[in-house]
K.L.:
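Once you've had a glance at the structure underneath, I'll fire off some questions.
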Amino acid sequence: MFSAPVPARLLAALGLVVSVAACSSTPATTATPDTFSVWDPYPQFTAESEWVKTIEKCGTEAGVKIQRQAYDTTDLTSKVLLAAQQRTAPQVLVVDNPVVSTLVEAGVLKANSDVGLDAGQVSPNLVAAGTVEGQTYGVPIGANTLALYYNKAVLAAAGVDPASVKDWDSLNAALAKVKAAGKKGITFSAIGTEEGTFQFLPWFWGAGGKLTDLPSGKAALELWKSWLDNGYAPNSVVNNTQTTSWQEFATGEYAFAENGTWQLGNAKKAGFEYGVIAIPARTGGTAPAPTGGEFVTVPAQDNKDTEAKAGRIGSCLTAPDKVLAADTALTYISAVPSVQQQQVSAQQDLAVWVEAVKNAKGRTGDNLGTKYPKISQPLWGAVQAALTGAKAPEAALRDAQAAVK
Amino acid sequence: MRSWRTPVGVLLTAVMLFPVYWMVNVSLTPLSDMRKAPSLIPVHPTTEGYERVLREQVPYLGTSLLVALGTVVLTLALAAPAAYSLAKLRPAGRRALGFVLLVAQMIPGIIMALGFYGIYVKLGVTNTVWGLVLADSTIAVPFAVLILTSFMASVPDEVLQAARIDGAGPWRSFVSIVLPASRNGVVTAALFSFLWAWSDFLFAATLDSGGRLQPLTLGIYRYIGNNNQEWNSIMATAVVASVPATVLIVVAQRYVAAGVTSGAVKD
Amino acid sequence: MRARLAGWAFLVPLVAYLLVCYAYPLFTNVDLSIRGYTVRSFVHGGAPLVGFANYAVVFGDPTFRTALLNTVLFTLVSLFFQYTIGLAAALFFARGFRLSATLRALFLVPWLLPLIVSASTWAWLLNSESGLVNAALKVVGLGPVNWLTSPEWSLVSVTIANIWIGIPFNLVVLYSGLQNIPREVYEASSLDGASGWQTFWHVTFPLLRPVSAITLLLGLVYTLKVFDVIWIMTKGGPSGSSTTLATWSYELGFGNMLPRFGPSAAVGNVLILIAVIAGLLYIRVQRRQELA
């Protein structure tokens, strides 16, 4: 018993609402606002934290008030796109490095040369993630990367010298000894998200794999698969986030854990002696690990003056004297070599991380840019397919390559 | 004779709430024990999570309550008259409307949130309690209309006819006959709009994450860092958030149950 | 005529509300699905109309069939158990007994928890390495099951969690439905010497039919759009084994650094279409009942 008039009226009204909504884009203010908004992905930092105080100080230096908002990092990308669509993007944006190229593609970010930002002091391998077609967008606030944490007591009980782990063969030998001693081998994260690809890349690159040719890294996937098959790694890795994987390591039952710089604070609280070694490449040497960490960027505004002031705030936030406090709070390695030296002299055990960051590689580098997400997703799918036994490693990577469009 | 139902009921509730107990368990577990072989009680309990939560989150309790109660009021104010009309006045086009309600509920929450965000930015009402109440009510209104309609439909037409002969207009019939008779439906609709608004995370995160008046669930955010999640604090937040609401619901249910039985003839 | 006017007068606030709150998101979702949005045109406008191209992409993707099948299984199995367990519990609680009101209220506690917490707790319990469920299986002499990390079990696991989440809803709605059945009906039935089962089957269940229908219909709509539970527990994995249309839509739009709004919205609209079909069926059944 549908009666026609009502739906028709409904539709007409609906059309009206829609057309109102579509036409009513707000006229932008052209004056520079006196309050600048700064968005970052650090909800753990409260208003009293050193980080927020630094932002406010930089705002005062630029002569503006600051309103800071923290978002969950996975939410931040869509928030920024949406805000840019409504022309309410923040004046300063701190955003995860692989997202920078997406935001550049969207036309959200201003190039450094336009707003007076300068990434000249930063190591080139770290800037790469923010470089698109010769232009750099933003300055890294710091960097983190992956390495292998190990439990000294577990290795000692199994008779393994951590210094002996130099390539995959020696790592496998160490894992075999650990297992024979009745302990658990290694834990990592192979979850079906960007985290999974992030954790897989050191092995993939360490096997000589190229992101433009996924099957070239099949040795890495075979290595992971063999760890599960041999019982060196728990089956839970398939669904582990990096936090879950760390919780497993924190039980003290595991010999190794692949995890990031940011766990250093937790490692000290773990209640057992730990050490860190770089992730070995297949035939020896340090494997390139992907860089993590955020960029300070300036989204496009309606007015050059606003952008220039935002650039000044950005420069201030990434200035060597200011950035050290933020990096310490985040347990990041500074992106500037001279500051890295300060960090190491203050804290000797950071040396291995500084080394790892020097060897690290941007995920969106090699001019991949926004092609990277299209590769990364099939790649984590392939890792999952292989580890669950749904596909053989090589076939999984071949299928993934075929899915990259 | 004591009923066998009480012990069985306690047992069933215990089974049902076991995952909730586990959440409490995790909230008390220190990081180093979280992935050890599971134990039914926290062996080395830590109140670290609670200390943080009580220090940082308690002020937000009031906001949660305000948002949830506001949502209940708004939902009932919109849904009850509409349900009455659909069930008893039966205007033409009511099925089409029922249909629209159904489709409306299928729009993914995230798209709703994005839509509200766009509109709220234009109106400048992001980060307000009332904006959040309006958004949260969209989860509950279609449900409330449909459920109230089915309850009000079971009020016999003869009663309403008798009232009309006595000279009662539609409004009086609604307020003094239909609404009291479908009290169970009203309570159900109120209950669920409260629950949805209380546990909402998506709308709060999209529309209210920068405001001073944030609901409690958003506090979870603070423990989800960009690389790390502090699970005992996250779980502690959920526990702290659910305790006052649980008390409220238990008290409300007892009160309602008492009202229902006292109205019935006892045998 | 006057009654008709009054009827619409009571509906005006609701209709206005629906237009204000739902029209724009619904329009957005349709618009996104028929345009070739890139991140650039999402921000700056000017996305070209592409008609059904996004739908063609979605239907041509091998994930579509898996997701559709998983959606059907997930929804039907969830609905069946949520409803039967909810109804059994409602009948159990309908005989008031000591503590019954309190216990019934406690059944609602799972609904007070944000899904991120309840779903994570389930993931915790079902973890293959350190989860309680596997520990319990070990105690009774069974081997561990890879609940969340094997393609055979992941859909089962998320369905179990979803059933748990849905029971309170069914319990409360059906319980209130039972309360609305006049007591005299039961008394007449027991005077006739009907057994408990006969009373249920011939009296209670038919009288509960309108509430049952709406409960199942709402349950269907809610289950179709469930994505948080699955997303938090398995991300739709491993390798797509627990992907439903709802999680796939989310994954396309937000699960990746490069959002694909068009296909994501297209999948969302397919879901809306399924709900529309269910709604039409419901209306047909309802009309037949009214005529009967």
Side-chain angles (χ1 to χ4, degrees), chain B residues 3 5-6 9 13 16-17 19-20 22-23 26 35-38 78 81-82 84-85 89-91 95 99-100 102-108 111-112 115 119 138 143 145-147 150-151 153-154 170 184-185 188 191 195 198-199 201 217 220 235 238 242 245-246 249-250 253-254 257 260 264, chain C residues 3-4 6-8 10-11 13-14 17-18 21-22 24-26 28-29 95 97-114 116-118 121-122 124-125 130-132 135 164 172-173 176 179-180 183 210-211 214 218 221 225 249 254 268 271-272 275-276 279 283:
Chain B
S3 167
R5 284 172 188 261
T6 303
T13 315
M16 185 69 195
L17 293 191
V20 179
W22 200 251
M23 173 192 86
V26 173
R35 299 289 166 178
K36 280 223 172 97
L78 284 163
Y84 165 62
S85 166
L89 305 174
R90 304 192 187 104
R95 291 225 169 80
F99 203 70
V100 170
L102 215 85
V103 175
Q105 298 193 83
M106 272 312 291
I107 304 171
I111 296 287
M112 291 292 295
I119 296 169
T138 59
F143 162 80
V145 174
L146 292 172
I147 209 81
S150 74
F151 274 91
S154 65
N184 282 314
T188 309
L191 211 53
L195 291 170
W198 186 271
S199 65
F201 189 70
T217 43
I220 288 174
M235 298 298 197
S242 57
T246 307
I249 288 178
V250 169
Q253 278 270 22
R254 291 198 71 101
V260 170
Chain C
R4 225 172 157 185
W8 272 98
F10 277 91
L11 284 177
L14 179 72
Y17 172 84
L18 287 177
C21 293
Y22 293 93
Y24 183 60
L26 188 61
T28 313
N29 217 35
R95 299 279 191 84
F97 51 88
R98 239 167 65 89
L99 290 180
S100 65
T102 308
L103 294 179
R104 197 159 37 80
L106 286 176
F107 257 68
L108 281 171
V109 171
W111 277 60
L112 284 170
L113 310 174
I116 181 171
V117 169
S118 39
T121 307
W122 273 97
W124 220 285
L125 288 167
S130 56
L132 184 72
W164 175 79
V172 171
V173 179
S176 328
Q179 294 295 303
N180 256 32
R183 227 160 253 210
V211 176
I214 196 75
L218 286 168
V221 168
K225 69 186 270 193
S249 170
F254 303 93
L271 270 175
I272 294 181
V276 165
I283 288 177

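To find a chain, count down the sequence lines: A is the first, B the second, and so on, and within it residues start at 1. Worth knowing before you read on, the calculation uses all heavy atoms, side chains too, and leaves out hydrogens, waters and symmetry mates.
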K.L.:
Just by modelled atom types, is the B:M23 backbone N or O under 3.5 Å from a matching donor or acceptor in the C:T121 side chain?
P.N.:
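Answer holds: no.
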K.L.:
Output all residues satisfying ring-ring contact (aromatic ring centres under 6.0 Å, His included) with C:Y17, sequence neighbours left out; order by chain, then residue number.
P.N.:
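So C:Y17 forms no ring-ring contact (aromatic ring centres under 6.0 Å, His included) with any residue.
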K.L.:
Taking B:V103, B:T217, B:V26 one by one, which has the highest count of heavy-atom pairs under 4.5 Å against chain C?
P.N.:
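The answer is B:V26.
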K.L.:
What is the minimum heavy-atom distance between B:N184 and C:S176, and which atoms define it?
P.N.:
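B:N184 and C:S176 have their closest heavy atoms at CB-CB, 3.9 Å.
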K.L.:
I'd like to verify something: which residue of C:P13, C:A275, C:C21 has the highest number of heavy-atom pairs under 4.5 Å with chain B?
P.N.:
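Sorted descending by pairs with chain B, the first entry is C:C21.
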K.L.:
Which heavy atom of C:W122 sits nearest a heavy atom of B:P19, and at what distance?
P.N.:
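Closest approach of C:W122 to B:P19, heavy atoms only: CZ2-CG, 3.7 Å.
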K.L.:
Can you check side-chain contact (heavy atoms from CB on, under 4.5 Å) on B:F99 and C:V276, steps first, answer last?
P.N.:
CA-CA 8 Å; B:F99 203 70; C:V276 165; 3.4 Å; yes
K.L.:
Looking only at non-hydrogen atoms, find the nearest pair between C:P25 and B:G115 and report the distance.
P.N.:
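What the structure gives for the nearest pair is CG-CA, 4.5 Å.
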K.L.:
Please classify the contact between C:L18 and chain B as side chain, backbone, both or neither, with a heavy-atom cut-off of under 4.5 Å.
P.N.:
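Just its side chain gets close to chain B.
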K.L.:
Chain C heavy atoms under 4.5 Å from B:M235: which part of the residue, side chain, backbone, both or neither?
P.N.:
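Contact with chain C is through the side chain of B:M235 alone.
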K.L.:
Heavy-atom distance under 4.5 Å to chain B: side chain of C:L14, backbone, both or neither?
P.N.:
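Looking at C:L14, backbone and side chain both touch chain B.
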K.L.:
To the closest 0.5 Å, what do you measure between CG (C:L113) and CG (B:L195)?
P.N.:
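Interatomic distance, C:L113 CG to B:L195 CG, rounded to 0.5 Å: 10.0 Å.
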K.L.:
In chain order, what residues pass the side chain to side chain contact (heavy atoms under 4.5 Å, CB included) check against B:I220, with sequence neighbours excluded?
P.N.:
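So B:I220 forms a side chain to side chain contact (heavy atoms under 4.5 Å, CB included) with B:F201, B:I224, B:I234, B:T237, C:P114, C:I116, C:V117.
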K.L.:
Using heavy-atom distances under 4.5 Å, tell me whether B:A37 contacts chain C through its side chain, its backbone, both, or neither.
P.N.:
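It is neither, since no heavy atom gets under 4.5 Å.
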K.L.:
Testing the basics here: between B:I147 and C:L218, what is the closest heavy-atom pair and its distance to 0.1 Å?
P.N.:
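For B:I147 versus C:L218, the nearest heavy atoms are CD1-CD1, 4.3 Å.
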K.L.:
What part of B:F151 is in contact with chain C, defined as an atom under 4.5 angstrom from a non-hydrogen atom: side chain, backbone, both or neither?
P.N.:
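Both parts, backbone and side chain.
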K.L.:
Which heavy atom in C:K225 sits nearest to a heavy atom in B:Q105, and how many Å separate them?
P.N.:
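Shortest heavy-atom separation between C:K225 and B:Q105 comes out as NZ-O, 2.7 Å.
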K.L.:
Please report the interatomic distance CG(B:L146) to CD1(C:I214), rounded to the nearest 0.5 Å.
P.N.:
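Result: 4.5 Å between the selected atoms.
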K.L.:
Keeping the roles fixed (side chain from B:S199, backbone from C:L112), state whether a donor-acceptor pair exists under 3.5 Å.
P.N.:
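Checked: no pair found.
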K.L.:
Indicate yes or no: at least one non-hydrogen side-chain atom of C:S118 is less than 4.5 angstrom from one of B:V20.
P.N.:
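They are not in side-chain contact.
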K.L.:
Can you tell me how far apart CH2 (C:W164) and CE (B:M16) are? Round to the nearest 0.5 Å.
P.N.:
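C:W164 CH2 to B:M16 CE: 6.0 Å, rounded to 0.5 Å.
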K.L.:
Sort C:L103 into side chain, backbone, both or neither according to what part of it lies under 4.5 angstrom from a heavy atom of chain B.
P.N.:
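For C:L103, the contact with chain B is made by backbone and side chain together.
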K.L.:
Non-hydrogen atoms of chain C under 4.5 Å away: do they reach the side chain of B:S154, the backbone, both or neither?
P.N.:
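Only the side chain of B:S154 comes within 4.5 Å of chain C.
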K.L.:
For the residue pair C:L11 and B:P91, what are the closest heavy atoms and their distance?
P.N.:
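Looking at all heavy atoms of both residues, the closest pair is CD1-CG, 3.7 Å.
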